[in-house]
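One structure is given below, encoded as structure tokens.
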Amino acid sequence: MAHSVADIAQAIGAEAAGDLTLTVTHASEPATAGPQALALAMDPKYAPGLAKGQAQVAMLWPGADWQGMGLRAAIFAPRGRLAMAGLSRMLDPGPQIAPGVHPMTVIDPSAQIGAGAAIGPFVTIGAGAVIGARARIAGHVSVAEGARIGNDALICQGARIGARVRIGDRFICQPGAVIGADGFSFVTPEKSGVEEIRETLGKRDEIHQQSWTRIHSLGAVTIGDDVEIGANCTIDRGTIRDTTIGNGTKLDNQVHVGHNVQIGNDSLICGQVGIAGSSRIGNRVVLAGQCGVNDNIFVGDDVIAGGGTKIFTNAPAGRVLLGYPAVKMEAHVEIQKALRRLPRLAARVGEIEKIVGASSSGD
Amino acid sequence: MAHSVADIAQAIGAEAAGDLTLTVTHASEPATAGPQALALAMDPKYAPGLAKGQAQVAMLWPGADWQGMGLRAAIFAPRGRLAMAGLSRMLDPGPQIAPGVHPMTVIDPSAQIGAGAAIGPFVTIGAGAVIGARARIAGHVSVAEGARIGNDALICQGARIGARVRIGDRFICQPGAVIGADGFSFVTPEKSGVEEIRETLGKRDEIHQQSWTRIHSLGAVTIGDDVEIGANCTIDRGTIRDTTIGNGTKLDNQVHVGHNVQIGNDSLICGQVGIAGSSRIGNRVVLAGQCGVNDNIFVGDDVIAGGGTKIFTNAPAGRVLLGYPAVKMEAHVEIQKALRRLPRLAARVGEIEKIVGASSSGD
Amino acid sequence: MAHSVADIAQAIGAEAAGDLTLTVTHASEPATAGPQALALAMDPKYAPGLAKGQAQVAMLWPGADWQGMGLRAAIFAPRGRLAMAGLSRMLDPGPQIAPGVHPMTVIDPSAQIGAGAAIGPFVTIGAGAVIGARARIAGHVSVAEGARIGNDALICQGARIGARVRIGDRFICQPGAVIGADGFSFVTPEKSGVEEIRETLGKRDEIHQQSWTRIHSLGAVTIGDDVEIGANCTIDRGTIRDTTIGNGTKLDNQVHVGHNVQIGNDSLICGQVGIAGSSRIGNRVVLAGQCGVNDNIFVGDDVIAGGGTKIFTNAPAGRVLLGYPAVKMEAHVEIQKALRRLPRLAARVGEIEKIVGASSSGD
């Protein structure tokens with residue numbers, strides 16, 4: 001589908017110059033752009049690529065000399081990635097799901113499907129489920145009994161929405177995500193080794209034979225508006241109350257959210273993060289890839305944790321964390337510097353000991 | 001469904017007091033409990049919540065003054081979480097899967113389905129597969145040719161049971177788990193860089209071009225009785241013999257078990273743990289979230305490893321581990337303390353060098 | 001199916017001795033081998049097992065005294081695992097997928113299916129998709145609109161191939177893998193806390209309320225020839241250009257590949273590795289289990305990273321890495337040694353301070 005320069009500029013709230021009636025069909029990197037492409041060069045470092053490609057229209061940084069670059073029109077993006085958001089939304093064809101309900105589906109007669117829904121093949125929708133207006137549900141999705149999903153949802157291939165899960169409007173769910181699996185909660189008849197270790201930080205008197213009795217999950221999952229869940233994520237239901245995810249929070253792929261966890265609003269949980277049972281994550285928290293959060297702790301509002309950070313204890317609001325175990329990012333940087341010098345430090349201490357005549361016994 | 005106080009107390013083997021004929025329909029946290037709820041307050045710290053809610057019946061700690069709390073009946077739980085196990089089992093409605101075999105399934109005529117099975121829509125069951133009595137198999141599950149599953153299985157949406165996999169009784173499989181994918185096993189015609197590095201711990205003489213030849217997995221997976229596998233787990237088949245998981249072992253979500261791995265009985269493998277090929281995990285081992293186990297090592301009985309522990313070498317029975325690389329938990333705590341003081345320690349050594357006139361050259 | 005010793009030896013290019021007309025039906029470990037098994041004992045340490053089993057034929061190391069072991073025939077494997085590759089390929093029955101297209105599928109009339117394809121039940125193939133010759137596609141797979149897959153593909157249960165994804169020949173995809181989910185890319189109207197932290201390495205002046213605007217993924221995924229993708233992997237599409245994976249590269253289970261990532265040829269990406277957006281991985285790179293790669297960096301050709309290594313900055317070609325954060329493996333080993341001695345080192349410094357009269361204040 002072709003879009004005029006004028007339409008694009010208006011849609012993303014940007015200024016444009018040149019022949020605003022020119023049309024483009026897709027976006028491209030500058031060097032590989034064909035004549036129908038909108039070349040993306042929102043930073044001067046991408047400008048040389050324009051000469052290699054054939055674009056006649058580009059999105060540029062404010063003040064760029066578009067005519068000097070041989071372009072016939074330009075759109076100016078003061079904040080490049082923000083402009084990309086608007087542009088990419090406009091150009092995204094989205095998944096093809098035919099309007100209406102595919103005949104090869106199994107939808108319980110008591111389920112309610114909102115107006116304008118598109119439901120693909122091999123979808124199952126359980127008894128009493130409620131799906132909002134304009135939902136797009138791709139093939140192989142299952143929505144179990146009693147689940148409620150708001151308006152304008154996009155649920156991709158093979159996602160699993162469990163029984164009694166509640167989800168707000170504008171939900172996006174990538175393929176293979178599992179929302180509402182049972183929590184991982186087991187108990188031993190006698191105090192288990194794990195309980196003992198937690199109390200003693202590593203000591204144990206004797207080891208007992210023990211096996212695990214299951215605690216079933218009676219709660220579900222409640223998810224707010226404008227939430228996106230990544231591919232193959234797993235979000236467990238709560239034991240008594242629901243596991244919750246607040247409005248505007250986004251989860252990347254393969255994130256694991258344990259039972260009873262509460263995540264606030266507008267948080268960003270990156271790929272392969274794991275959050276153990278009953279922990280609370282605040283608002284606007286950013287957990288970079290492969291972070292881990294211990295069970296039964298809280299991570300305050302606006303905490304930012306770098307890649308692979310393992311958070312074992314409560315993190316106050318606004319803290320910036322890194323490391324295993326997590327420490328303030330500044331402390332981590334300082335410790336790492338000292339660590340790289342540690343072998344040399346040990347040698348220096350040995351030299352001093354020789355000078356002062358101290359013994360280095362035991363080492 | 002309503003349950004009387006007497007029935008609940010009997011089912012979980014607890015004592016009760018007050019009007020034992022009162023009924024409840026569900027469990028609730030104390031503060032949000034309605035009049036039909038069983039409020040859960042097995043620790044005195046939850047008692048204040050009872051006043052905020054409307055519960056007439058609560059599960060309390062032994063000796064609690066239930067009448068003083070305004071309750072009409074109470075059940076006493078000497079070990080709260082153990083009582084929760086029994087109670088939650090009683091109240092869990094379980095997934096709705098209609099009895100019998102859904103017509104929209106593809107089940108090979110040579111497959112054997114046990115008496116009382118409930119099999120949902122879009123399920124596939126391959127040639128020669130054997131499913132035990134009373135199995136509940138939710139929609140979109142695939143059970144491949146020659147797989148054998150014991151009695152009383154619950155297999156949730158979209159789980160994949162591979163060819164010739166053998167599973168015991170009372171199996172629970174959460175959605176999206178893959179049991180019996182091919183192992184990740186490749187070989188190069190000449191010695192590979194990885195083999196060289198393992199021998200030299202980091203040195204390499206020269207680098208060769210090489211590509212990978214696949215070793216197919218001829219084994220399957222054997223799983224004992226009373227095993228639970230979490231959502232989106234992946235368990236690879238063995239190369240010659242089977243990958244094995246013992247009786248009573250529980251896997252949380254997104255656990256990865258490599259080819260040829262042997263896991264013993266009653267172990268607890270938490271979320272996002274990865275166990276590389278051919279390693280052996282003992283009985284009653286607990287690996288907390290995001291632990292990693294190197295290939296071809298063993299982790300002895302009763303080992304407990306804290307979150308994110310990376311186990312590179314054999315771990316003797318009973319060891320309590322933490323860290324990357326794993327060390328005894330006590331050693332880890334001591335090292336971390338010393339590490340936080342390391343920048344200061346380096347400064348102190350600098351000061352001493354000034355006093356004694358030593359050189360800190362090279363740093 | 002029975003194979004003669006002569007056929008096996010010829011197929012894997014090995015020498016054989018004894019009665020070459022003997023046949024075997026499967027491979028086995030020596031001790032558990034029955035009379036129809038080919039016992040695998042390619043290292044002298046496995047020889048004692050032969051006496052316990054009933055094998056008449058074994059695969060042995062070159063020069064082994066097969067007659068002294070009581071065998072009737074032997075195959076000699078100079079490089080045992082390489083022989084296993086050929087042997088296992090020969091003995092692997094592969095997944096049972098009936099030839100032709102199962103009637104219970106939803107295949108768009110505009111899709112092209114190559115000659116000799118076998119497509120299982122509940123598969124969906126979208127408009128304009130092109131599937132090469134001899135493809136084997138197991139049940140529950142979805143191939144979205146415009147995807148192109150080369151010849152001789154094996155795509156296992158429930159895998160998801162997204163719209164416009166392009167894949168070369170001899171592709172193997174394990175169950176539950178998701179190729180072509182949307183990238184995880186969000187932007188805030190004002191500079192976000194994350195952007196600020198990246199600039200200051202941990203300092204932040206003030207915290208702002210902010211919510212996330214989505215950048216849609218307009219690119220797809222391009223995958224070369226001879227690639228294998230593990231179970232429940234997730235590979236995101238690119239923002240403008242495609243995410244790419246080169247020829248001969250193999251991904252283990254639960255690997256996460258972010259948007260715009262480029263992986264070269266013949267690389268080996270082990271279980272649960274995560275590669276964040278826009279990073280570039282070279283040729284013949286080996287990332288062991290649970291490694292993490294930061295976004296927007298490059299990892300040069302022939303880099304080898306040990307288990308759990310977190311790579312935050314560019315890694316030059318040929319580097320051998322370990323640790324969090326990644327350092328050269330040799331440096332990591334040295335640092336770990338020093339670290340275990342650190343508590344003792346601190347005590348030694350304290351003793352020196354007593355001797356020289358320095359103050360240890362502040363500690």
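Proteins get letters first, then strands, A, B, ... in listed order; numbering begins at 1 in each. None of the values given here were measured: they were computed from a predicted structure.
- Under 3.5 Å, the side chains of C:Gln157 and B:Ser142 contain no donor-acceptor pair of N or O atoms.
- To the nearest 0.5 angstrom, B:Phe186 atom CZ is 5.0 Å from C:Lys250 atom NZ.
- Scanning all heavy atoms of the two residues, the minimum distance from C:Arg284 to B:Gln210 falls at CD-N, 3.6 Å.
- How far CD of B:Gln336 is from CG of C:Leu342: 10.0 Å, rounded to the nearest 0.5 Å.
- When heavy atoms are compared at a cutoff of 4.5 Å, B:Gln254 approaches chain C by way of both its backbone and its side chain.
- Within the 4.5 Å cutoff, side-chain heavy atoms of B:Thr188 are placed close to those of C:Arg79.
- Contact check for C:Arg89 versus B:Thr213: no side-chain heavy atoms found under the 4.5 Å cut-off.
- Using cut-offs of 30° and 60° on the angle between ring planes, the pair C:His332 and B:Tyr324 is tilted.
- For B:Val101, the side-chain contact (heavy atoms from CB on, under 4.5 Å) test picks out B:Thr105, B:Ile107, B:Ile119, with sequence neighbours left out.
- Residues B:Arg214 and C:Ser88 form no side-chain contact, since every pair of their non-hydrogen atoms from C-beta on lies 4.5 Å or further apart.
- For chain C, the nearby parts of B:Asp182 are the backbone and the side chain; heavy atoms of each come within less than 4.5 Å.
- Among B:Pro189, B:Ala331, B:Ala276, the residue making the largest number of heavy-atom pairs under 4.5 Å with chain C is B:Pro189.
- With chain C as partner, the option from B:Glu145, B:Lys337, B:Gln290, B:Lys310 having the largest number of non-hydrogen pairs under 4.5 angstrom is B:Glu145.
- Of the two parts of C:Val286, only the side chain, counted from C-beta on, holds a non-hydrogen atom closer than 4.5 Å to a non-hydrogen atom of chain B.
- Heavy atoms of B:Val293 lying under 4.5 Å from chain C are absent altogether.
- Note: B:Ile335 CD1 to C:Leu339 CG = 5.0 Å, rounded to the nearest 0.5 Å.
- Most heavy-atom pairs under 4.5 Å with chain B: of the set C:Lys328, C:Glu228, C:Arg319, this distinction falls to C:Glu228.
- Proximity of C:Leu268 to B:Phe184: side-chain heavy atoms (C-beta onward) are separated by under 4.5 Å at one or more points.
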**Request:** Might you work through the side chain to side chain contact (heavy atoms under 4.5 Å, CB included) test for B:Val178 and C:Gln174, ending with a clear yes or no?
**Result:** CA-CA 9 Å; B:Val178 174; C:Gln174 298 294 330; over 6 Å; no

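- Of the atoms belonging to B:Val257, not a single heavy atom falls under 4.5 Å from chain C.
- The contact between B:Glu334 and chain C is made by backbone and side chain atoms together, counting heavy-atom distances below 4.5 Å.
- Side chains of C:His140 and B:Arg160 form a contact here, defined as non-hydrogen atoms less than 4.5 Å apart.
- For C:Ile269, the part sitting under 4.5 Å from any heavy atom of chain B is the backbone (N, CA, C, O) and nothing else.
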**Message:** side chain to side chain contact (heavy atoms under 4.5 Å, CB included), that's the test. Do B:Val106 and C:His102 meet it? Break it down for me.
**Reply:** CA-CA 10 Å; B:Val106 174; C:His102 194 281; 3.7 Å; yes

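- Residue contact with chain C, scored on non-hydrogen atoms closer than 4.5 Å, is absent for B:Arg340.
- A pairwise comparison of heavy atoms in C:Phe122 and B:Val123 identifies CE1-O, 3.8 Å as the closest pair.
- At a 4.5 Å heavy-atom cutoff, the contact between B:Ala181 and chain C is made by backbone and side-chain atoms alike.
- Across C:Asp226, C:Asn247, C:Leu251, the residue that shares the most heavy-atom pairs under 4.5 angstrom with chain B is C:Leu251.
- Inter-residue side-chain proximity for C:Leu91 and B:His216 is flagged as unmet; no heavy-atom pair is nearer than 4.5 Å.
- With chain B as partner, the option from C:Asn283, C:Leu87, C:Ile172 having the largest number of non-hydrogen pairs under 4.5 angstrom is C:Ile172.
- Ranked by heavy-atom pairs under 4.5 Å with chain B, the list C:Asn232, C:Asp252, C:Val356, C:Asp266 is led by C:Asp252.
- The side-chain contact (heavy atoms from CB on, under 4.5 Å) check on B:Ser185 picks up B:Ile215, B:His259, C:Arg81, with sequence neighbours excluded.
- Atom CG in C:Leu40 sits 4.5 Å away from atom CD1 in B:Ile240 (nearest 0.5 Å).
- Residues C:Ile352 and B:Arg348 fail the side-chain proximity criterion, which asks for heavy atoms closer than 4.5 Å.
- By number of non-hydrogen pairs under 4.5 angstrom with chain B, the leading residue of C:Pro343, C:Gly248, C:Ala346 is C:Pro343.
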